[in-house]
Amino acid sequence: MDEEKLIEQLKRFKPIPRKSWQEATLSSFRNLVTTEHKIRNSQMNIFNFLNIFIVNPKIKITLAVVTVIALLIAGGGTVYASDSANPGDFLYSVDKAAESVQRTFISDSVARSEFEIAVMNERVLELSKLSEENNSDTVSRSISEVEVQQLRLRERLQEMDQLRIENKLQTQEQQKVMEKLQEITREHEETINQIQTKLKSKGDFSNSENLMEVKNKYSEEMGNQIQNFETETGVQVRENEQEQNEGDTQNQEQNQNQNQNSGGN
Amino acid sequence: MKIKINQLETIEDLEEVFKWLNESLYRFVYMRCGFNREQAEDITQDVFIKAWEKRSTFKPNKGTLKNWIYIIARNYIIDFYRKKKGILSGYSDDVGESVKEQGLTVDDELMLGSIISNLDKLKEQEKEVIVLRYLQDFEIEDVAEIINKKHNATKVMIHRAVKKLKDIMKLPNG
């Protein structure tokens, strides 16, 4: 086969996206623009209104913020209906697009990290639901989504580290996020262990193994993030765990002493 | 009907651009991101949203809208691939399905499947220029603009990439 023939063959390869994805994406664009317009219009209307009736600038700003938040909550029934969609569902693309849109509106680094933690939670819950069904492909896709979200979360956490180093973020603010992260990571590890057991019992060993790798990487990454924070700031995120362990040890020692005393008697 | 849009100011523009480019952009992303259908759809969607967010930075006198969107896609993929290296690379089962959907004879199907799997053995930039030039039908100057290289350098790169693909496939010259 000469070069020309090779290129001719190559040109025949035309993978196309699904029609349902195309429709869902177009639909999500309309929400994107509608939300932007609503916010822009509401800001103008609010300030015009407030200029007439309210003089105090603090009251003006508070009312404006409350109204914009209400509009964001009210805007796009489709977007919020799609929030319970899973990979493979028609509305899942709308759900993901809505998340992308939400990301663009969050500028604060702490809020961004908290948002990604919430999305991570959603991904794990989706995986848990899907593992109940007998569709290995959607489980595999869901595991990939967990992986991708873990990378996003890591990026946001690294961003916070950088801002803290540059004195643009308070240590206490980051500490709250790291504590939430530690708690949720523990919950996710337990959930993922249960999912793994479920998959093995259904004979889906490939996904079960893949999930184990993803879980190990996730635990390692989040553990490293927490450890780095503790090392760099001298602030303990893991106090609760240490206190718990110390409490357990004390209980054990007390029990042993009691047993020895009762044995003596 | 060939659509030529060179602005992205209103929702109608965004919809028209999407209808015009979504399939070809999807193809580009699909070839560059592990041949994974769902992944390609997600990334393609993100690229359009990113283009919309950055619409005020598009300068019609500096290049075409199509090339500008492909540059956004390319940068997005570079970032994405850097983060996911080793996780998404490789030939996925989706490719077999996609090849079957082309409605070819069995022999052509086998040949095409073989070409695509060997394409994945090329370096990223080699694969990229082949995809842009031959699967996306860009002219060499457009490929050069997208990958940010000079015309002649791009031409040489494309020629070498095709030759390397032939060598990998151990095809006889002629």
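Everything numeric here is computed off the predicted structure, so don't read it as measured data. The sequence lines fix the lettering, A, B, ..., with proteins before strands; numbering per chain opens at 1.
Going from atom CG of Leu26(A) over to atom CD of Gln45(B) covers 10.0 Å, rounded to the nearest 0.5 Å. Here CZ of Arg27(B) is found 5.0 Å from NZ of Lys14(A). Values are rounded to the nearest 0.5 Å. Interatomic distance, NZ of Lys5(A) versus CD1 of Ile115(B), reported as 9.5 Å (0.5 Å rounding). Taking CH2 from Trp52(B) and CZ from Phe29(A), the interatomic distance works out to 10.0 Å, rounded to the nearest 0.5 Å. Here Thr25(A) contributes atom OG1 and Glu15(B) contributes atom CD; the two are 12.0 Å apart, rounded to the nearest 0.5 Å. The structure places CD of Gln39(B) at 11.5 Å from CZ of Arg141(A), a figure rounded to the nearest 0.5 Å.
When heavy atoms are compared at a cutoff of 4.5 Å, Glu4(A) does not approach chain B at all.
Remark: Gln162(A) pairs with Glu166(A) by the side-chain hydrogen bond (donor to acceptor under 3.5 Å, both in side chains) rule, at least two apart or across chains.
A centroid separation of less than 6.0 Å is found between the aromatic rings of Phe18(B) and Trp21(A).
Crowding of His159(B) atom NE2: a count of heavy atoms from other residues, nucleotides or ligands under 6.0 Å not exceeding 12. For Lys50(B), the NZ atom counts as loosely surrounded, since its 6.0 Å shell holds 12 or fewer non-hydrogen atoms of other residues, nucleotides or ligands. Residue Lys180(A) places its NZ atom among 12 or fewer non-hydrogen atoms of other residues, nucleotides or ligands, all under 6.0 Å distant. Shown here is Lys155(B), whose NZ atom has no more than 12 heavy atoms of other residues, nucleotides or ligands within 6.0 Å.
Counting only heavy atoms from C-beta outward, the side chains of Leu10(A) and Leu119(B) approach each other to under 4.5 Å. Side-chain contact between Thr44(B) and Pro17(A): absent, with no pair of heavy atoms (C-beta onward) separated by less than 4.5 Å.
Listed in order of number, the residues of residues 129-146 of chain B that approach chain A to under 4.5 Å between heavy atoms are Ile130(B), Tyr134(B), Leu135(B), Asp137(B).
Between Pro15(A) and Tyr30(B), the closest heavy-atom pair is CG-CD2, 3.7 Å. Nearest heavy-atom pair across Asp46(B) and Arg152(A) is OD2-NH2, 4.4 Å.
Partner Gln22(A) forms a side-chain contact (heavy atoms from CB on, under 4.5 Å) with one of Lys19(B), Glu41(B), Glu23(B) and no other, that one being Glu23(B).
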Open item on the list: Test side chain to side chain contact (heavy atoms under 4.5 Å, CB included) on Val148(A) and Asp42(B); report intermediate values, then the result.
Closed with: CA-CA 11 Å; Val148(A) 170; Asp42(B) 281 350; over 6 Å; no
